[in-house]
Amino acid sequence: MKKLTTSKVLIYVLVSLFTLVSFLPMLLTLAVSFTDEDTIRTNGYQFIPAKLSTFAYSLIFHGQIGGAQASVLNSYFISMIVTVFGTVVAVLITAMAAYTLANKRVKYRNALAFYFFLSMLFWAGIVPWYMLNAMLGLKNNIFALIIPTLLFNAFNMFLVRNFMDTVPDSLRESATIDGANDLFICFKIYFPLCVPVLATISLFYGLSYWNDWWNAIMLIDNKNLYPLQYLLFQLNSQVRMIQQMQSITGASTYHTPPTESLKMATAVITIGPIVLLYPFLQKYFVKGLVIGAVKG
Amino acid sequence: MSLAKGQPLTARRTRPGKKHGLIWDIHTNGYSYLLVLPAFLYVLVFSYCSYPFLVMAFEKFSYTSNLFNSPWVGLKNFEFFFKSNAALAVTWNTLKLNLLFISFSTVVSIVLALALNEMKNKFILRVNQAVMLFPNYLSWVVVSYMIWTIFSTEYGILNHILATLGSKKTINWYMHPEYWTTILVVMRVWKTAGINAVIFLAAITGIDDTLYESAMIDGASRWKQTWKITLPLIAPTIAIITLLSVGRIMYGDFGMIYSIIGDRGVLYSSTDVIDTYVYRAFRGSTGDPNQATAIGVFQALIGFLMVFSSNWVVRKFFKEGALY
């Protein structure tokens, strides 16, 4: 019996409201990116652009942004490289370590687990972090974007280990009898069985790399190495600086480069890959977190 | 040769003497140790080897002198920080913001999870979930742009709406610190409630249906069922997630705060957290790396206590939920 009770209506309204609130800011950003710059100056940000214009996007795809001297396309490329390489290596390192921790024949595996766990509890802070990375030469090069902080996460490793624990030991035993060593068992037996959790941590790592700007802000000065998020960040602060200067000096607006729509357009294409990967994110990311948090 | 329990069936030559020592283990399970080596080295270098640099907190280090040659100043750097007004302000901001983040986010996501659970139409449910989850995948830099579209003084949609509703004055949002605690909490909930709701929803789905059936037979209303069955049974999940967040309560979200607030000094009174303060102390032109390290030590020590105790509580009371 399907009664339309007030509580049922209330529930649907509540959820729809939250969904709408989730969606609106993104819609606004998208709308502004397609709005003609002059209409922004007269009307402000609107959900429905008074005048459509793809000028911001053409500027992104065709060249440099005045002032920043770094092209969005270049940053996109950097972000792509860093994300792909970082994720692949990270997943490899993590899964291999998880295998060892899940290998009941390794007598010291619990000591190893504690070793990793302890490192999760204590972070020395940004100064030691910076000094260490500087000392290692991880400054102003591509490795500075890939290696620090993001290349390995103990949390993800424990996630994989817990999954591997569910693989029956008899599998390893029979493989060993057949003459397989740990390398073979790890790569040819365990990895194929663990594809779901590997997919999950790939998304975790991938997302961290794509969204990262901490490594850049601390370790990168070279504009050619700016990842996309950091470029976005710079764009915001530079423009703000210009605007602040304009309001102080009272300078009348000579034709400034399209600031507002350009900013929003850059933000939109930064989200690009996430939108494309969204079905996968839904499936594996959520599942992984749920397994981690709910545990069976 | 007699086999100990748990030993593999293949016979192995054991070294004389250290039968179960580390060397024996590495010898026996060499490949496994090889597999864990990259991760081991990474943690060794980037975690454990960063700790020696903490001595900077007790020194007057300058970029020309050596780490171990710098003059020792004991607790002077700590003194400097604690005597300043900033110490209390940023610590309070960090704790306050994190507490607000945790409480509001938890409450909203529980309510959402309960509501989502009542939705029978699977299609509508999935569409809502998909949209709700999206903000979680964005970086705070991108979100800071969205905040700008709303709160910008000249072009922002909020001032526009207020003007349409008849308000005479335009509020310069980015100049008033008093608004920003609320704004930050709202945006935090906006970004994270979705994913938390889905996690809680998964926990709710795991509850045995027969419990609800027998409750319904006994005449319990849906509301009573929620109160007496659902909430108590997902309490462990809520507790685990909350505890893990509480463990990080001394660590402000640098990514969030700095990308939204940036260098707007006027907003520091309500939004500056330990992490942004330390960042400026370290990188700013008036910065002092020694002080920055000292504050980092302060944060790490209390942070360690918090993380350790919250993990301990999770392990003790919610064994199934503990990671390690």
Side-chain angles (χ1 to χ4, degrees), chain A residues 11 14-15 18-19 22-23 25 28-29 32 40 44-45 93 96-97 99-100 103 105-108 112-113 116-117 119 121-129 131-132 151-152 158 173 176-177 181-183 186 207 211 213 229 232-233 237 263 267 270-271 274 281-282 286 289-290 293-295, chain B residues 8-10 20 22 25 29 31-32 35-36 38-39 42-43 47 49-51 53-54 56 112 115-116 118 128 130-132 135 137-139 141-142 145-146 149 155-157 160 190 194 198-199 202-203 237 240-241 259 262 278-279 282 289 292-293 296 299-300 304 307-308 320-321 323-324:
Chain A
I11 285 173
L14 182 75
V15 174
F18 189 84
T19 306
S22 295
F23 183 60
L28 187 59
T29 304
V32 173
I40 296 180
Y45 299 130
I93 297 181
M96 291 188 334
Y99 172 80
T100 304
N103 186 351
R105 283 191 300 206
V106 176
K107 292 266 175 290
Y108 285 87
L112 280 172
F116 287 112
F117 178 67
S119 72
L121 293 183
F122 196 82
W123 186 59
I126 77 170
V127 178
W129 181 90
M131 300 300 290
L132 182 65
L151 198 58
F152 175 76
F158 283 119
E173 304 301 351
T176 314
I177 294 173
N181 61 31
D182 273 328
L183 289 181
C186 177
L207 206 62
N211 283 340
W213 52 287
Q229 302 287 345
L232 206 61
F233 177 77
S237 43
K263 281 161 57 180
T270 308
I271 311 177
I274 297 179
L281 282 171
Q282 278 280 76
V286 176
L289 272 179
V290 163
V294 175
K295 277 300 261 305
Chain B
L9 282 172
T10 52
H20 295 291
L22 185 62
D25 202 20
N29 295 305
Y31 286 124
S32 278
L35 287 171
V36 79
Y42 185 86
V43 167
S47 287
C49 283
S50 69
Y51 301 155
F53 286 96
L54 290 173
M56 278 175 69
L112 271 178
L116 287 171
E118 299 298 320
N128 275 298
V131 176
M132 243 189 260
Y137 302 124
L138 306 173
S139 76
V141 181
V142 171
Y145 275 58
M146 297 180 182
T149 62
Y155 309 131
I157 202 100
H160 184 81
W190 176 83
V198 168
I199 293 179
T237 311
I240 293 171
I241 297 210
S259 53
V278 170
Y279 174 77
F282 182 52
T293 321
Q299 191 182 33
F304 174 77
V307 174
F308 186 78
E320 335 81 54
L323 208 52
Y324 162 74

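Side chains included, hydrogens not; waters and symmetry mates left out as well; all remaining heavy atoms used. Every value quoted in this text rests on a predicted model; they were computed, and no experiment measured them. To find a chain, count down the sequence lines: A is the first, B the second, and so on, and within it residues start at 1.
- Looking at B:M132 and A:F18, their side chains come closer than 4.5 Å, going by heavy atoms from C-beta outward.
- Between B:Y51 and A:P128 there is no side-chain heavy-atom pair separated by less than 4.5 Å.
- A 4.5 Å side-chain heavy-atom check between B:W190 and A:P25 finds at least one atom pair inside the cut-off.
- Contact between B:P289 and A:V127 at its shortest, heavy atoms only, is O-CG2, 3.9 Å.
- No side-chain heavy atom of B:Y42 sits under 4.5 Å from any side-chain heavy atom of A:I93.
- The parts of A:S119 that come within reach of chain B are both its backbone and its side chain, each placing non-hydrogen atoms under 4.5 angstrom from that chain.
- Annotation: side chain of A:R105 is not in contact with side chain of B:S32 (no heavy-atom distance under 4.5 Å).
- Among all heavy-atom pairs drawn from A:W213 and B:S259, the shortest one is CZ2-CB, 3.8 Å.
- Taking CZ from A:F152 and OG from B:S47, the interatomic distance works out to 9.0 Å, rounded to the nearest 0.5 Å.
- The OH atom of B:Y137 sits 5.5 Å away from the CD atom of A:Q282 when rounded to the nearest 0.5 Å.
- Heavy atoms of A:L183 lying under 4.5 Å from chain B belong to its backbone as well as its side chain.
- With contacts defined as side-chain heavy-atom distances shorter than 4.5 Å, the pair B:V36/A:F116 qualifies.
- Of all non-hydrogen atoms in B:L138 and A:N211, the two that sit nearest each other are C-ND2, 3.8 Å.
- Separation of atoms CD1 (B:I157) and CG (A:L28) is listed at 4.5 Å; rounding is to 0.5 Å.
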